[in-house]
There are 2 protein chains.
Amino acid sequence: MSERRTQILDAAATLISERGFTSTSVDDVIKGAKLSGKSHFYHYFKSKEELGYEVLNRQFERFAERGLAILREPMIDPLERLSLFIDAVVALQSESGGRRGSPFGNLAAELADAHEGFRVRIEAVFERWASQIRSLLWEARPQLQDDVDAVRLSRFIIAALEGAVLMTRVKRDLSVLEGIAADLKRFIAMHVRDGAAMPTHRNLE
Amino acid sequence: MSERRTQILDAAATLISERGFTSTSVDDVIKGAKLSGKSHFYHYFKSKEELGYEVLNRQFERFAERGLAILREPMIDPLERLSLFIDAVVALQSESGGRRGSPFGNLAAELADAHEGFRVRIEAVFERWASQIRSLLWEARPQLQDDVDAVRLSRFIIAALEGAVLMTRVKRDLSVLEGIAADLKRFIAMHVRDGAAMPTHRNLE
DNA sequence: CGAAATTAGGACCGTATGGTCCTAATCGCA
DNA sequence: TGCGATTAGGACCATACGGTCCTAATTTCG
């Protein structure tokens, strides 16, 4: 992957997460990536749409590395991992100072109804995310109550986090996300088997 | 309020909730409301922005009448009301066949970072919504545990619902929302005082 | 009736959009 | 040395955007 390409993708990612896909023009991206002109851009991408798809992919990869990876840490108790993952989402959001939503939630709200190509790709992103959580819940099965529905619980976690990021952005107040994250942990703890010991009690309580 | 005006507002509300504010052009609204031309439109609204504000207001009023009103029903137990309200959100979403998100969540994701005027108005909407839930929780105080934080819980409920609507739209599957709504009720039930009887057990369990 | 509000319809403007095409300079590398 | 990939930069295009202005017909209502 050429350096210029990633430069363009990075600039586009920033712009899209700030203004949305539709409101980000190709000329904006060119300016942001300091390209010489349109032909320079179209040398690397065949259309703005394709750029958008690649940006989404990279955002997910980045999230997979910096967020979802925690869900697979082999040396940590699964439920503790889940709690650390929630912390990581809060931390990632803090980086942008509470501004800027989840890149997935943003694109979802903007394009889910209007653009089938994006909708399908965003759906795939959420599915991969949910699947990671499901695996973790499966692993934590001995500590969980028998009737825990991993599919439903994983969806609930994602929805709560996405909704929390959205509200945090609207209120411009990070403590909104922190509060919801804490409540979400309590909700998860609700599914723990009575006899099972809670991991470290640092994060889930 | 003249009939034409509401006609324009209704057409705009539909278009905006389908394609977002930015992607809805004044010409689209004119077509949708069957106006004769631009001057006809600008006879009623001084700008597209102002139209957007009024649409948002109307969406909230509609939501207040068809949704939030349930939270204030005087003859029903407060927690039961909360449960019925969640059902109402699901029902409202069903009307659009799972498509179309919350008009607030949509605008929030699209404009919260980009347009301060909208951000402030959307924040006010969420605040009024949260305040209704807080009142209800205050009313339900005797049935709730002492340490229930009404501010936090109300935010959690809204975030979960907004996130749920978003995911439902992406997956084009209403059962996602139904599942999250059910889990949300269980989370609320978690805050009920041990001794207190659950209302009808029909909705909260 | 007559004035005011509403409807109708079109011309126009400056700006921005995604995208194409073309020429020429520079670069890495075999 | 020479070839292909990259960089540079500009002209151009059809379309769309929000918004203004103007004229004239029609309706509403005191």
Side-chain angles (χ1 to χ4, degrees), chain A residues 1-58 106-107 110-111 113-119 121, chain B residues 1-58 106-107 110-111 113-119 121:
Chain A
M1 174 97 55
S2 89
E3 205 179 323
R4 271 293 202 213
R5 244 185 110 84
T6 66
Q7 198 179 350
I8 298 173
L9 285 166
D10 287 342
T14 302
L15 289 166
I16 291 173
S17 74
E18 278 170 7
R19 334 197 315 198
F21 179 74
T22 308
S23 297
T24 298
S25 73
V26 174
D27 283 320
D28 291 336
V29 174
I30 287 168
K31 253 175 240 160
K34 280 158 180 140
L35 303 183
S36 59
K38 283 216 172 137
S39 43
H40 199 176
F41 172 84
Y42 281 100
H43 178 69
Y44 289 99
F45 299 91
K46 69 177 236 254
S47 69
K48 187 195 174 189
E49 197 183 30
E50 210 217 320
L51 169 73
Y53 292 160
E54 290 201 35
V55 166
L56 177 60
N57 272 338
R58 271 173 61 89
N106 272 0
L107 286 182
E110 186 185 352
L111 301 170
D113 290 332
H115 196 300
E116 183 66 9
F118 271 104
R119 204 215 99 229
R121 283 164 176 83
Chain B
M1 175 95 59
S2 90
E3 204 180 322
R4 270 290 204 220
R5 244 185 110 83
T6 66
Q7 199 179 350
I8 297 173
L9 286 165
D10 287 342
T14 302
L15 289 166
I16 290 172
S17 74
E18 280 171 4
R19 323 178 187 180
F21 180 73
T22 308
S23 297
T24 298
S25 74
V26 175
D27 284 320
D28 290 337
V29 174
I30 287 167
K31 253 174 239 158
K34 278 159 182 140
L35 302 183
S36 58
K38 283 216 173 136
S39 44
H40 199 176
F41 171 85
Y42 282 99
H43 177 69
Y44 288 100
F45 298 91
K46 70 175 232 257
S47 68
K48 187 195 174 190
E49 197 181 31
E50 211 217 320
L51 169 73
Y53 292 160
E54 289 201 36
V55 166
L56 177 59
N57 272 338
R58 272 173 60 89
N106 272 0
L107 286 181
E110 186 185 351
L111 301 170
D113 290 331
H115 195 300
E116 183 65 10
F118 270 105
R119 203 216 100 227
R121 283 164 176 84

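Since the structure is predicted, the reported quantities are computational estimates derived from the model, not experimental observations.
- Applying the side chain to side chain donor-acceptor pair (under 3.5 Å) test to A/S39 and every residue at least two apart in sequence or in another chain returns nothing.
- The aromatic rings of A/H115 and A/F118 lie perpendicular to each other, with more than 60° between the two planes, well past the 30° mark.
- B/S47 pairs by the side chain to side chain donor-acceptor pair (under 3.5 Å) definition with nothing, not counting sequence neighbours.
- Qualifying side-chain contact (heavy atoms from CB on, under 4.5 Å) partners for A/A11, counting only residues two or more places apart in sequence or in other chains: A/A33.
- Within residues 39-52 of chain B, the residues having any heavy atom closer than 4.0 Å to DNA chain D are, in order of number, B/S39, B/Y42, B/S47, B/K48.
- Under the side-chain contact (heavy atoms from CB on, under 4.5 Å) criterion, A/R121 pairs with A/Y53, A/L56, not counting sequence neighbours.
- For the pair B/K48 and B/F21, the cation-pi criterion (under 6.0 Å, within 45° of the ring axis) is fulfilled.
- Although no hydrogens or angles enter the test, the distance criterion places a donor-acceptor pair under 3.5 Å between the side chain of B/E110 and the main chain of B/T22.
- Legend: salt bridge (Lys or Arg N to Asp or Glu O under 4.0 Å) pairs involving residues 31-42 of chain A, not counting sequence neighbours, sorted by first then second residue: A/D27-A/K38.
- Under the side chain to side chain donor-acceptor pair (under 3.5 Å) criterion, A/R19 pairs with A/D28, sequence neighbours left out.
- Under the rule for a side chain to side chain donor-acceptor pair (under 3.5 Å), the partners of A/R4 that lie at least two apart in sequence or sit in another chain are A/Q7.
- Think of the region where chain A sits on DNA chain C: with heavy atoms and a 4.0 Å cut, that region ends 5' and 3' at C/dT17 to C/dC22.
- Near-neighbour residues of DNA chain C inside residues 19-36 of chain B, defined by a heavy atom below 4.0 Å, number-ordered: B/S36.
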